[in-house]
Amino acid sequence: MSDFSEAFALALRMLGALDAELYGIVGLSLQVSLAGTFIAALIGMPLGAAVALYRFPARPLFVALLNAFMGLPPVVVGLVVYLMLSRAGPLGELGLLFTPAAMIVAQAILVMPIIAALTRQTIADLDAEYREQLQSLRTGRLAMMRALLWDARFSLLTAVLAGFGRAVAEVGAVLIVGGNIDGVTRVMTTSIALETAKGELATAMALGIILVAITLTINFAAMGVRDVAARRYG
């Protein structure tokens, strides 16, 4: 208990002192997670909406895969990305392994199914509500998809926030493809694992406090978005 109290007090002092190394790790974490989530949203939203609106023979399989991939094991994603980006892999010439770019790729792959699956469900619900109205206006599928994506923007923002929450708290995949290199690819989660193993509990706890604060902020933001949408659109 004494160790915990001392580590917690030292962690608070590090946070208050605006430790440059500490906040550098936080900054890199946010950059990687935001970029990974942005790419995942660019791919996941149109994909989810297309699966919701278009009818094709393999559609049930796509729906099942999207739902199943929401729980993709990070270490498996990390291993696949590592093999793709390693020297012997098909993308090895790009030299991305052990760089922030490789971590962004891994996080985008992890987050994309979450955003796509939540988008599919949201657009499918709206399609059931507005399909006859949109068909009466002779709206094409592509225009219908754009209209429903815009109408569902607040719900989809919640999906994006959920994806960002997964990305910023992820450790397995980014550790495999990033390598946890000091000043290059060390992010909050990998740094917490390293500092804990070294017995540097204050640093690990300081980063843990920031990570929890970010997670809480994301959840409050998601709740705020839902409340605004409910008040504005009923």
Side-chain angles (χ1 to χ4, degrees), residues 30-74 76-77 80-81 84-85 90-91 94 96 100-170 173-174 177 218 221-222 224-226 228-230 232-233:
L30 293 176
Q31 290 175 27
V32 169
S33 300
L34 285 170
T37 305
F38 180 73
I39 294 171
L42 282 181
I43 301 171
M45 284 186 184
L47 177 62
V51 174
L53 295 178
Y54 287 88
R55 300 292 182 266
F56 49 94
R59 182 172 176 271
L61 177 61
F62 270 81
V63 174
L65 287 176
L66 285 181
N67 292 333
F69 285 172
M70 290 177 71
L72 269 177
V76 174
V77 173
V80 171
V81 175
M84 296 288 288
L85 299 180
L91 302 177
L94 297 177
L96 297 179
M103 299 159 72
I104 291 170
V105 171
Q107 290 199 342
I109 294 173
L110 272 174
V111 171
M112 191 274 287
I114 297 174
I115 296 178
L118 294 176
T119 299
R120 187 206 66 79
Q121 187 60 57
T122 300
I123 299 300
D125 292 342
L126 285 178
D127 181 47
E129 185 177 351
Y130 295 121
R131 174 175 283 269
E132 290 186 2
Q133 182 180 350
L134 291 171
Q135 285 179 338
S136 68
L137 297 173
R138 298 182 183 279
T139 306
R141 289 291 174 87
L142 195 57
M144 187 185 299
M145 189 165 75
R146 286 198 297 266
L148 293 180
L149 281 171
W150 175 252
D151 194 59
R153 59 192 181 280
F154 289 107
S155 297
L156 297 182
L157 182 56
T158 303
V160 172
L161 289 173
F164 177 73
R166 169 74 183 268
V168 78
E170 200 286 318
V174 294
V177 302
I218 293 169
V225 169
R226 283 197 297 268
V228 168
R232 183 168 298 181
Y233 300 102

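It should be emphasised that the depicted structure is a prediction, and the values quoted were computed from it without experimental measurement.
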Could you measure the distance from the [atom1] atom of [X] to the [atom2] atom of [Y]? Nearest 0.5 Å is fine.
X    : Y    : atom1 : atom2 : answer
R166 : S33  : CZ    : OG    : 12.0 Å
I218 : T158 : CD1   : OG1   : 12.0 Å
L42  : T37  : CG    : OG1   : 11.0 Å
M112 : M70  : CE    : CE    : 12.0 Å
I115 : F164 : CD1   : CZ    : 11.5 Å
S155 : L149 : OG    : CG    : 11.5 Å

Which heavy-atom pair separates [X] from [Y] by the least distance, and what is that distance?
X    : Y    : result
T122 : A152 : CG2-CB, 3.6 Å
D127 : A52  : OD2-O, 4.4 Å
R141 : R55  : NH1-N, 4.2 Å
P74  : A173 : O-CB, 3.2 Å
A102 : V177 : O-CG2, 3.6 Å
A49  : M145 : CB-CG, 3.4 Å

- request: Give a yes or no on whether the backbone of V111 and the side-chain of Q107 come within a donor-acceptor separation of less than 3.5 Å.
  value: no
message: Using side-chain contact (heavy atoms from CB on, under 4.5 Å), reason through L91 and L94 one step at a time and then give a plain yes or no.
response: CA-CA 6 Å; L91 302 177; L94 297 177; 4.1 Å; yes
Please examine the side chains of [Y] and [X], heavy atoms only from C-beta on, and report whether any two atoms are closer than 4.5 Å.
X    : Y    : answer
L61  : L65  : yes
T119 : V51  : no
M45  : V160 : yes
Y130 : D151 : yes

message: Checking V77 against V81 for the side-chain contact (heavy atoms from CB on, under 4.5 Å) test, could you report, in this order, the C-alpha distance in whole Å, the side-chain angles of both residues, the deciding distance, and whether it holds?
response: CA-CA 6 Å; V77 173; V81 175; 4.2 Å; yes
task: Evaluate the side-chain contact (heavy atoms from CB on, under 4.5 Å) criterion for residues L148 and M144: first the C-alpha distance (whole Å), next the side-chain angles of each, then the deciding distance (0.1 Å), finally the verdict.
output: CA-CA 6 Å; L148 293 180; M144 187 185 299; 4.0 Å; yes
task: Please step through side-chain contact (heavy atoms from CB on, under 4.5 Å) for the pair F69 and L110, ending with a clear verdict.
output: CA-CA 8 Å; F69 285 172; L110 272 174; over 6 Å; no
message: Within 45 degrees of the ring normal and closer than 6.0 Å to the centroid, is that where the cationic atom of R59 sits relative to Y54?
response: no
